[in-house]
Amino acid sequence: MLFDTHAHYDDERFDGDRDALLASMPENGVGLILNPGCDLDTSRKAAAYAAAYPHVYAAAGYHPENLEGGVDLDAIEALARENPKVRAIGEIGLDYYWEKDPAKRKYQQEVFHAQMRLAKRLGLPVIIHDREAHLDTLTVVEQHPGVMGVFHCYSGSAEMAKRLLGLGYYLSFTGVITYKNARKAREVIEMAPLDRIMVETDAPYLSPEPFRGKRNSSLYVYRVAEQIAEIRNLPAEEVVRITAENGRRFFGIQG
Ligand SMILES: [Zn+2]
C-alpha cells in the first residue's frame, strides 16, 4: 500500500473527476493520501476531502507564494483544532524562485516563523516548501527545535540533508527524481536513512517519467518508490512498505 504524502486535489485540474479519482485510490494500491493546504480556502477544502474519505488526511497552512492578501493564522489554528484529520501545518516555507523582492522575502520569513510557532502550539509537524531558499529555510527551522518536519520535494544538497536529518527532519521526494538531471537528489537518496524518506506526487504537478507533461495524480506515486528502490538496490515493495510506514509515523496515522 502506497502513501502519497503530498497531493493537491483542490486544484482545478481535478474539477472534472476529483471524487471518482479519490474514491478509486485504495483499489489502485494507494492506501493513504495527504492533501496539504496553500491558503485558508485550500486548507478548508483539504479538511473536507479528509472528512469525506477514510484514506485522505489534510494539512493546513499558507504557502509562501500565497501571502499577497495577508494571512489569517487564527482561522488556520481553528481549522486544525476542529478537524482531527488535519495532521500537519503546511505547506509553509520560502520561495525565492518566484519572489525576488527583498521586503516580500522578509515577509515570507515572518509568516514562516509564525506558522512554525503555530505548529509547536498545536503539537503538529510541518510540511516545508523550500525553493531556491535553502540557507534561509535551514536558518528558520533551526530556530524552532521543538518542531518536527518534512522537506517536501527535497531539492537541497547532501550536506544540507545531513543537517536536517540531524535535526530529526524527514525528506520527501517527487517524480522529479525520475528526470535525467536529478543527480543531486539521487546523492541524497543514496545516503539518507530509509526510515526518514517519504514519497509524494505533488499532484497535479511534477509527473514522473514516463508521464512527464501530463496531469499528475497519486496513481503515479509508485514511480517515485520504484526510482528510490533502484537507487538503493532494494525491491520496490520494500520501499513502498517503508515509506508508507514512515508517513504513518510522521503524520500520526494508526494501523
Ligand atoms: Zn505542494
Side-chain angles (χ1 to χ4, degrees), residues 1-8 25 28-34 36 90-91 93 97 125-135 137-138 141 148-251 253:
M1 182 224 72
L2 285 146
F3 186 170
D4 181 358
T5 61
H6 194 115
H8 299 277
M25 288 301 167
N28 285 299
V30 182
L32 287 166
I33 295 168
L34 189 125
E91 56 182 291
Y97 176 81
V126 292
I127 300 166
I128 293 189
H129 171 102
D130 158 24
R131 190 157 184 203
E132 296 189 8
H134 303 321
L135 197 59
T137 306
L138 188 59
V141 302
M148 138 117 128
V150 58
F151 271 60
H152 117 82
C153 194
Y154 183 72
S155 61
S157 64
E159 211 42 57
M160 175 167 162
K162 280 180 198 148
R163 287 175 69 177
L164 290 172
L165 291 162
L167 292 170
Y169 271 69
Y170 286 60
L171 307 173
S172 176
F173 296 93
T174 62
V176 166
I177 67 170
T178 68
Y179 304 166
K180 278 205 172 65
N181 59 0
R183 187 186 48 80
K184 209 165 62 168
R186 280 173 218 215
E187 267 172 36
V188 175
I189 291 165
E190 274 166 19
M191 70 80 168
L194 269 184
D195 64 359
R196 295 287 194 81
I197 292 177
M198 295 197 270
V199 292
E200 58 165 303
T201 54
D202 203 18
Y205 316 105
L206 307 178
S207 286
E209 295 290 1
F211 309 107
R212 200 170 177 183
K214 292 189 188 168
R215 183 189 73 174
N216 200 1
S217 86
S218 305
L219 295 174
Y220 299 154
V221 73
Y222 75 94
R223 286 289 303 123
V224 182
E226 280 180 352
Q227 190 69 38
I228 293 172
E230 195 192 307
I231 294 166
R232 295 294 294 254
N233 202 15
L234 287 166
E237 312 83 74
E238 186 74 356
V239 173
V240 167
R241 185 184 61 76
I242 293 170
T243 54
E245 215 171 83
N246 296 343
R248 279 218 195 88
R249 182 170 63 249
F250 183 85
F251 293 108
I253 298 167

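- No hydrogens or angles considered: nothing links the side chains of Glu200 and Thr174 as a donor-acceptor pair under 3.5 Å.
- In terms of the salt bridge (Lys or Arg N to Asp or Glu O under 4.0 Å) criterion, residue partners of Lys162 (sequence neighbours excluded) are, by chain and number, Glu159.
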Below 3.5 Å, can you tabulate the donor-acceptor pairs from side chains in residues 226-236 to any protein atom, sequence neighbours excluded?
residue	atom	partner	partner atom	Å
Glu226	OE1	Arg223	NH1	2.6
Arg232	NH1	Ile189	O	2.9
Arg232	NH1	Ala192	O	2.6

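- The structure places CD1 of Ile33 at 8.0 Å from OG of Ser217, a figure rounded to the nearest 0.5 Å.
- His6 NE2 to Ile127 CD1: the interatomic distance, rounded to the nearest 0.5 Å, is 6.5 Å.
- When all heavy atoms are compared, the tightest approach of Thr178 to Pro208 is OG1-CA, 3.5 Å.
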Practice item. May I have the step-by-step check of side chain to side chain contact (heavy atoms under 4.5 Å, CB included) for Glu187 and Ser157, ending in yes or no? Key: CA-CA 8 Å; Glu187 267 172 36; Ser157 64; over 6 Å; no
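- Separating the CD1 atom in Ile197 from the CD1 atom in Ile242 is a distance of 9.0 Å, to the nearest 0.5 Å.
- Here the closest non-hydrogen pair linking Thr243 and Val239 is OG1-O, 2.7 Å.
- Considering every non-hydrogen atom in both Ala161 and Val188, the closest pair reads CB-CG1, 3.8 Å.
- Formation of a donor-acceptor pair under 3.5 Å by the Asp130 side chain with backbone atoms of Thr137 is not found in this model.
- Tyr97 contributes atom OH, which lies 5.0 Å from atom CZ of Arg131 (distance to the nearest 0.5 angstrom).
- Side-chain atoms of Asn216 come within 3.5 Å of backbone atoms of Leu206 as a donor-acceptor pair (strictly under, hydrogens ignored).
- Nearest heavy-atom pair across Pro36 and His8 is CG-CE1, 3.6 Å.
- A side-chain N or O of Thr201 and one of Asp4 form a donor-acceptor pair less than 3.5 Å apart.
- Remark: the backbone N or O of Met198 is not paired with any side-chain donor or acceptor of Asn246 at under 3.5 angstrom.
- Side-chain contact check for Tyr169 versus Val150: every heavy-atom pair is 4.5 Å or farther apart.
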Point to revise | Trace of the side chain to side chain contact (heavy atoms under 4.5 Å, CB included) decision for His152 with Asp202 | key: CA-CA 9 Å; His152 117 82; Asp202 203 18; 3.6 Å; yes
Check your understanding: Should Val224 and Tyr222 be marked as a side chain to side chain contact (heavy atoms under 4.5 Å, CB included) after you check the CA-CA gap, both sets of side-chain angles, and the distance that decides it?
Key -> CA-CA 5 Å; Val224 182; Tyr222 75 94; over 6 Å; no
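- Checked by atom type and distance alone, the side chain of Thr5 pairs as donor or acceptor with a backbone atom of Val199 at under 3.5 Å.
- Counting only distance, with no hydrogens or angles, the side chain of Lys214 and the backbone of Ser207 share no donor-acceptor pair below 3.5 Å.
- No side-chain heavy atom of Ser172 sits under 4.5 Å from any side-chain heavy atom of Tyr154.
- A side-chain donor from one of Tyr170 and Arg249 sits under 3.5 Å from a side-chain acceptor of the other.
- Rounding to the nearest 0.5 angstrom, the gap separating the CG atom in Leu171 from the CZ atom in Phe173 is 5.0 Å.
- Here the closest non-hydrogen pair linking Ala158 and Met191 is O-CE, 3.3 Å.
- Classified by interplanar angle (parallel below 30°, tilted 30° to 60°, perpendicular above 60°), the ring pair Phe211/Tyr220 is parallel.
- Taking the six-membered ring where tryptophan is involved, the planes of Phe251 and Phe3 are tilted, since the angle between them lies from 30° to 60°.
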Point to revise | Derivation and outcome, side chain to side chain contact (heavy atoms under 4.5 Å, CB included), residues Glu237 and Arg241 | key: CA-CA 6 Å; Glu237 312 83 74; Arg241 185 184 61 76; over 6 Å; no
